[in-house]
Amino acid sequence: MTIGIVVSGLVEAYVRDICKGVSRLAKQEDVNVVIIPAKYYGHDYELNFEYPYIYQFNSLFPYTQLDNLDGIIVEVASVCMFADDEHKKIFASQYANIPHVYIAYSDDTAKGVFLNNASGLLDGLHTLYNAGVRKFGMITGQKDNVDAIARRETFLNFLDSNNLPHDENSVFYGDFFWPCEEQINDLFDAHPDVEAVICGNDIIAGRVYKIAEERGRKVGEDLSVLGFDDSFNAATMNPPLSSVRTDCVELGAEAFRSLMRVIRGDRIEDLEIGTKFVMRKSFTCFNKIKILEEEDSKPDFFDIIKSSVHVIDERVILTLRSQFNKLVDLVLSVSKKEMTSKEYAKNAVEYLDKMFELGMEDYIDIGRMINIMDDFFDKIIKKCWDKEIIDIYINIKSKCYREMVFKLNASLNDKTHRYTEKVVSMQSFVRDTMAFERGNDLSYVQVLSTLKWMNIKNAVIYMYDHPIIHFQHEDFVIPEKLSVKAVLHNGETLSITKMKQHIKKKEIFKNKYFDWESYNTAILMPIFFNEIIYGVFICDMPKEEYLYSELLVSQVSSGIKMLSLLGTNEKLLKDYEATLRSLKENNIVLENISKSDALSGLYNRRGFESNAQKFIDSQFAAGKKVCIFYVDMNNLKIINDRFGHQDGDFSLKVISDKLKEHFGNKAVIGRIGGDEFCVATEPREDVFPGEDLFELYESFSAFNEKSDKDYNITVSAGACVMDKDAGLSLSQAMTIADEDLYKVKALRSKNVIKEKLR
């Protein structure tokens, strides 16, 4: 059985934990999992200038519709983070014909698994209220985000139930993942005497720390801060952040269980996963509250464990718990004086050493453990009147803390070494994915051989027969056939001969090259460069490497782009060599080539430069100026790739006609390159070159409105005015005009395709 899980990329810890929860249970049930990181549905990526082509991840959505999956889990909250309710319904409706379960969403076709945002948050709010806090403020995520809504409503209901005043300035909206310093400053401006800031997640809380420090507020002393998610960094912040622990690994596991019931035909209902409040020193009341409230209570191992432990073998957790409980029981047995002080301390250190051997620092919140053990020792010491026993307690405590410092320092050094190795491996990966000599099918093997630094043992590269131009907001259509270019199987690379490469699109997860015996969880990722999609690849990236998934996509895509360019260059070189041979065989002298361009009817470069220089000389002799315009067609490659070279030639002819029409017969006009034109003309009286160009652009707009073509024909242009005294040559003037052109071209839109009514 093979199931899919649609998520919004693997960069966010929340998403990674969900995938880990699904994968863990799926492995136990012998179910295959395909992770499909399809990013954000309905988001306008043109506003994201840093990464405008990230929308290409959305080309993965159609792979869930090929009848090649037995069921699917859809993490709606993050995938539709930027979508309104109507678009969420449209998005969810595409899964109506396949067994499915949602995360953080529910509709008539399927139920969902949700986080109970209220339970842990209310515990944190009541802790603050009971400690005397009355002035609350909140900064959360996007206003229409489902989690932000739930956390806001819990907060406002709490204020209402405790008769605390609030207004529209009680809650401010930022972003769960992007900087929101402006909104945090607005909160502090509106509530300069705020006592506690409630944050939508730990990322926002980190920014609250920064702004609070800038304003002279001290978190944990005169300001309490509560986060949400209890992320890995929460306990390491300064001071450690109180947070609401969300068990997203269990969220994923429960989604898997629900999907299995749906596949079996069982009826399910919406299900909530509880959250837990974890208090740390970001609360001003931390030191006033006794962690151990009951007289005979012992520290609970699960109070110090990190939420990520579900991804580890449960036997490790049970062993850690056993060693921790032995340490606690050892401390409690001191009053019986069964051993010497030295023996007690030795046994305690041995229990700690065993926990470190199991990787304690990766699974246990050590800051929380120290706080709890501090309180535990203080409590039992206060009850003790025997100085000898007190000395034993103090000896155990000091030896344990000394051992923890030693082990943590050694662990830090080891992690630093491994991080350095990772950086070196990453640099090699970046270098090797671009180090190709040939652009043929054998080079795809080299791409896969670079994946060792991520411990990827199995992967398949699927390429489309031809690169596909895909623009934002367009529906992506998967070609009927894909070509398997290279396979990585259990660490060994294999190139596939052309005769055996083709598979049908619905076979992408089930074919002789994709061996589920070597996988449990696979990740499907696009291969793209800017607006061009080349194919997809699938691999068994280890869970601990998920954070680097988008770097992997970027580098693999760059490598395959390089292969494509090399292949094109090799073909051009062969064509060029064949042309030279033909010229020599027919004794054609290059100097006698016509000075006109056959396609446009304009001068070619040689003809333009010769006649433009004559024009310049005559103008200067008459005491007149010359204006050089450099004109470049926008998006010729896209039109060629999408509509064919016949339409590309048509576009060039239209531009030629428009230039002749606009500048007139007295101007010298040439097509000096594939999509480049140049004009030498006398400047129009009282008209700046920019105004002249604006009229030229308007003539193209008018043409496009009347044209029945599915694309727009547009140009970018730059200008340079020459006079005799300036001493500019024609070549220099063309360079200046070309530089002016590229300032304009950088601002152009790539949406060459005309929008159609839907």
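Atom CG in Leu69 sits 10.0 Å away from atom OH in Tyr95 (nearest 0.5 Å). From Thr64, atom OG1 reaches atom CD1 of Ile98 across 7.0 Å, with rounding to the nearest 0.5 Å. To the nearest 0.5 Å, atoms OH (Tyr53) and CG (Asn530) are separated by 4.5 Å. Rounded to the nearest 0.5 Å, atoms NZ (Lys625) and NZ (Lys724) are 14.5 Å apart.
Distance alone, capped at 3.5 Å, is enough to place a donor-acceptor pair between the Tyr462 side chain and the Ile508 backbone. Side-chain atoms of Tyr697 come within 3.5 Å of backbone atoms of Ala717 as a donor-acceptor pair (strictly under, hydrogens ignored). Formation of a donor-acceptor pair under 3.5 Å by the Lys754 side chain with backbone atoms of Asn704 is found in this model. In this structure, the side chain of Gln142 does not engage the main chain of Tyr173 through any donor-acceptor pair within 3.5 Å. With Ser549 contributing its side chain and Tyr546 its backbone, the two residues share a donor-acceptor pair below 3.5 Å. Distance alone, capped at 3.5 Å, is enough to place a donor-acceptor pair between the Gln65 side chain and the Gln94 backbone. Counting only distance, with no hydrogens or angles, the side chain of Glu474 and the backbone of Phe476 share no donor-acceptor pair below 3.5 Å.
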Run the side chain to side chain donor-acceptor pair (under 3.5 Å) test on Gln501 and Lys485 for me, step by step, so that the C-alpha distance in whole Å, both residues' side-chain angles and the decisive distance to 0.1 Å come before the verdict.
CA-CA 7 Å; Gln501 287 182 357; Lys485 292 295 186 182; 3.3 Å; yes
As a quick check of understanding, evaluate side chain to side chain contact (heavy atoms under 4.5 Å, CB included) for Leu652 and Ser600, giving each step before the final call.
CA-CA 7 Å; Leu652 293 170; Ser600 65; over 6 Å; no
What do the steps show when you test Lys666 against Thr681 for side chain to side chain contact (heavy atoms under 4.5 Å, CB included), and what is the final call?
CA-CA 7 Å; Lys666 293 183 179 180; Thr681 186; 6.0 Å; no
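With respect to the salt-bridge test (charged N to carboxylate O, under 4.0 angstrom), the residues Glu531 and Arg642 do not qualify. The pair Glu550-Lys39 meets the salt-bridge criterion, with a side-chain N (NZ, NE, NH1 or NH2) lying under 4.0 Å from an Asp/Glu carboxylate O.
Judged by the 6.0 Å and 45° rule, Lys709 forms a cation-pi pair with Phe650.
Ring orientation note: the planes of Phe663 and Phe629 are tilted relative to one another, at an angle of 30° to 60°.
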